[in-house]
Amino acid sequence: MVKIGLLGLGTVGSGVCEILSEKKSAIEEQTKKTVEISKILVNDLEKNRNPIVDRKVLTDNPSDILDDPDIDIVVELIGGIEPAHTYITRALENGKHVVTANKAVLSHDFLGLTNLAKKNNRGILFEASVAGGIPIIKPLKELIKFNKIKEIKGILNGTTNFILSKMIEEGLDFKEALVLARKVGFAEADPTDDIEGYDAARKISILSSIAFGYNVTFEDVDCRGITSISAFDIDFFKKLGLTIKLVGSAYSNDLDFDASVEPVLLNTNSIMANVNDAFNIVSIDGDVVGNLQFYGQGAGKNPTGNAVVTDIIDIINGEFNPIDIERRRKPSNTPKILSNYYLRIFLESQKESDFILKTINKYKLKYRLVKGEESLVLILQNISRQEINNLIENLEIKGRSCYARINSEDYCFIQELNLESFNELVV
Ligand code: NDP
Ligand code: HSE
């Protein structure tokens, strides 16, 4: 018999309970053990719960799980940094294995938690923490055995992808789409984490630490979300034959490291542009294997519960080899990567348009221009992320502008278009 202590019984926690119950015999066959949830920690003991859970196992005292010598595996599904970090630490110190879906706590102290598990000869598995139902951590651990990973990129947040899909396909406004994403359980407890790109930044930091072999934290990722994208921008992109996605990317060689999360414009024919709703995609470039793409549901009760239960089975079967995330020295150089950017500004006055163009000319930036009375759209050429961030800051247009990188492969496509013909879109 393997006893599990569950911390949290929300979207993912109830998914895990259902899978463990519905797939009981298949799991017993795989593990040759009976798996039992012996205690579940929640905040509110009085709340209405999924009927599958026996209320007798609920507790609001973490010690009932963390200090119970009979519990073998602690499954942390409460989210956030604290008290999750304290609970995971105590579980490992008390000789328990840990499974978690919590990218916030992992990207905060990946090295500390994985080293603590190693020191105590226990497993910490976290397949559900990145890209929900997509198996990505396990394949990545396999890949790094002899592949050198140069680049990882992808759509890593289900909530923002769901919101953008609803805005583009159904014409919903941002707030309506966010309400829907929260209702179905995709969003974080604080959805700012999703819409400002923090959740995707945490996920790219976890993937980077494993792939590149040095500790990458949330603070290492230059991150922007989707809150500035308006119906005006979406209309404009559609007319250009482009779509917008929130993309996380990380790149490393022996000298350089760069990681970002930002809105990116993609040709509607590209693979990534067709990843919709709460689906995610992760693309990895290995020097031997070449490019691999992993696609599937990135959030939700069943896909995420599936990843958690898979980790539980691996722990029971003794498949929890530690990851060495300090295999290499972290490069100190951030490369200056030049791209092209869409920049839209809602003007406060007509005069402002001249001022903005004068400033841009002062920086000797190359651009193509679409001009209206109330808005200005520029396609800035060969500009780095750092430069455009500074430009927005200096022009003091943060609250009324939107900028998005144009994927390099898709820029040639834009170049062929006559931007002036889009003038009627800009009022
Ligand atoms: P929910 O907000 O739905 O559930 C959180 C659960 O944790 C609730 O049962 C809550 O209790 C309990 N809880 C929260 N804080 C405490 C505390 N301090 N002490 C005791 N219990 C507490 O979260 P999700 O299930 O959506 O997410 C769980 C984790 O999984 C997070 O780390 C999230 O990032 C991650 N994740 C979520 C995905 C998703 O699609 N939702 C996908 C992939 C990962 P109560 O019920 O009493 O309020
Ligand atoms: N809030 C997260 C998302 C959950 O929308 O992707 C899955 O990690």
Side-chain angles (χ1 to χ4, degrees), residues 5-18 39-50 53 55 58-66 74-88 99-108 126-134 136-137 154-165 177-178 180-204 206-207 225-226 246 248 261 275 277-282 296-308 311:
L6 207 60
L7 310 178
L9 185 59
T11 305
V12 186
S14 51
V16 169
C17 291
E18 282 174 17
K39 278 273 172 326
I40 305 177
L41 178 76
V42 292
N43 248 333
D44 178 2
L45 287 172
E46 304 308 318
K47 208 182 207 176
N48 267 342
R49 301 279 171 190
N50 190 327
V53 175
R55 297 192 79 89
L58 299 185
T59 177
D60 57 2
N61 180 2
S63 178
D64 287 348
I65 293 174
L66 304 172
V74 168
V75 178
E76 186 277 304
L77 302 171
I78 60 177
I81 295 173
E82 281 300 347
H85 187 270
T86 304
Y87 294 170
I88 293 175
V99 172
T100 180
N102 185 342
K103 49 269 161 152
V105 77
L106 285 166
S107 72
H108 169 72
F126 43 87
E127 187 61 71
S129 67
V130 180
I134 306 176
I136 187 67
I137 305 292
I155 296 171
L156 298 169
N157 182 268
T159 301
T160 46
N161 207 46
F162 178 86
I163 293 173
L164 291 174
S165 297
L178 175 59
L180 267 184
R182 295 189 80 178
K183 218 185 232 166
V184 280
F186 298 151
E188 295 302 300
D190 177 358
T192 312
D193 285 351
D194 297 292
I195 61 181
E196 294 296 353
Y198 308 150
D199 178 75
R202 289 171 181 140
K203 289 165 176 166
I204 199 79
I206 294 168
L207 292 178
I226 62 162
L246 186 68
V261 170
V275 175
D277 300 320
F279 281 76
N280 284 187
I281 190 163
V282 187
Q297 295 188 67
K301 182 166 122 178
N302 283 343
T304 315
N306 183 82
V308 171
D311 277 352

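Just follow the structure's listing: the first ligand is 1, and inside any ligand the first atom is 1.
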Would K47 count as a polar contact of ligand 1, with the cut-off being nitrogen or oxygen pairs under 3.5 Å? yes
For atom 42 (C) of ligand 1, find the nearest protein heavy atom and state the residue, atom name and distance (0.1 Å precision). T304 OG1, 3.2 Å
Quick one: do K301 and V12 satisfy side-chain contact (heavy atoms from CB on, under 4.5 Å)? Show the steps, please. CA-CA 5 Å; K301 182 166 122 178; V12 186; over 6 Å; no
Heavy atoms only, cut-off 4.0 Å: how does Q297 contact ligand 1, side chain, backbone, both, or neither? neither
Taking atom 24 (P) of ligand 1 as the point of reference, which of L106, L45, L9, V12 owns the nearest heavy atom? V12
Which residue supplies the protein heavy atom nearest to atom 34 (O) of ligand 1, what is that atom called, and how far is it? E188 OE1, 2.7 Å
Checking D199 against K103 for the side-chain contact (heavy atoms from CB on, under 4.5 Å) test, could you report, in this order, the C-alpha distance in whole Å, the side-chain angles of both residues, the deciding distance, and whether it holds? CA-CA 8 Å; D199 178 75; K103 49 269 161 152; 2.9 Å; yes
Name the residue from V75, V53, I65 that meets the side chain to side chain contact (heavy atoms under 4.5 Å, CB included) definition with L6. V75
Just heavy atoms, cut-off under 4.0 Å: does A128 contact ligand 1 by side chain, backbone, both, or neither? backbone
For K103, the ligand 2 atoms whose distance to one of its heavy atoms is below 4.0 Å: 2 (C), 4 (C), 7 (C), 8 (O)
Taking the minimum heavy-atom distance to atom 1 (N) of ligand 2, which of E188, Q297, R182 ranks first? E188
Show me which atoms of ligand 2 lie under 4.0 Å from any heavy atom of N157. 2 (C), 3 (C), 5 (O), 6 (O)
Atom 6 (O) of ligand 2: closest protein heavy atom, distance to 0.1 Å, is G158 N, 2.7 Å
Please evaluate residues T159 and I163 with respect to the criterion side-chain contact (heavy atoms from CB on, under 4.5 Å), reporting the C-alpha separation (whole Å), side-chain torsions for both, the decisive distance (0.1 Å), and the verdict. CA-CA 6 Å; T159 301; I163 293 173; 4.0 Å; yes
Atom 45 (P) of ligand 1: any protein heavy atom closer than 4.0 Å: yes
Hey, is D199 touching ligand 2 through its side chain, its backbone, both or neither, going by heavy atoms under 4.0 Å? side chain
Run the numbers for me: atoms of ligand 1, each under 4.0 Å from some heavy atom of L41, listed by number. 20 (C)
What are the atoms of ligand 1, with element, lying closer than 4.0 Å to any heavy atom of A299? 40 (O)
Please work out which of G79, G10, A104, S14 has its closest non-hydrogen atom nearest to atom 31 (C) of ligand 1. G79
Nearest to atom 3 (O) of ligand 1, what protein heavy atom do you find, and at what distance? T11 N, 3.0 Å
Do any heavy atoms of G185 fall under 4.0 Å from ligand 1? yes
Which protein heavy atom lies closest to atom 2 (O) of ligand 1, and at what distance to 0.1 Å? A189 CB, 4.7 Å
State if K301 counts as touching ligand 1 under the rule of any non-hydrogen atom under 4.0 Å. no
Note: D194, heavy atoms under 4.0 Å from ligand 2, region reported as side chain
Only heavy atoms of L77, strictly under 4.0 Å: list the atoms of ligand 1 that pass. 5 (C), 6 (C), 7 (O), 28 (C)
I need the atoms of ligand 2 closer than 4.0 Å to a non-hydrogen atom of K203, numbered in the order shown. 2 (C), 3 (C), 6 (O), 7 (C), 8 (O)
Which atoms of ligand 1 have any heavy atom of K103 under 4.0 Å away? 33 (C), 34 (O), 35 (C), 36 (N), 43 (C), 44 (C)
Taking only heavy atoms of D44 into account, list the atoms of ligand 1 that are under 4.0 Å away from them. 47 (O)
Under 4.0 Å from a heavy atom of P83: which atoms of ligand 1 are those, numbered in the order shown and with their elements? 18 (N)
Counting non-hydrogen protein atoms only, what is the nearest one to atom 11 (O) of ligand 1? Give residue, atom name and distance. N43 N, 3.2 Å
Indicate yes or no: does an N/O atom of F186 lie under 3.5 Å from an N/O atom of ligand 2? yes
Quick check: G300 and ligand 1, any N/O pair under 3.5 Å apart? yes
Polar side chain donor-acceptor pair, N61 to T59, under 3.5 angstrom: no
Closest non-hydrogen protein atom to atom 13 (N) of ligand 1, residue and atom name please, with distance? I78 CG2, 3.6 Å
Counting from 1 in the order shown, the ligand 2 atoms closer than 4.0 Å to a non-hydrogen atom of T159 are 1 (N), 3 (C), 5 (O)
Just wondering, do P83 and L7 contact through their side chains at under 4.5 Å, heavy atoms? no
Considering non-hydrogen atoms of the protein only, which is the closest contact for atom 35 (C) of ligand 1, and what is the distance? A101 O, 3.3 Å
Any G298 heavy atom less than 4.0 Å to ligand 2: yes
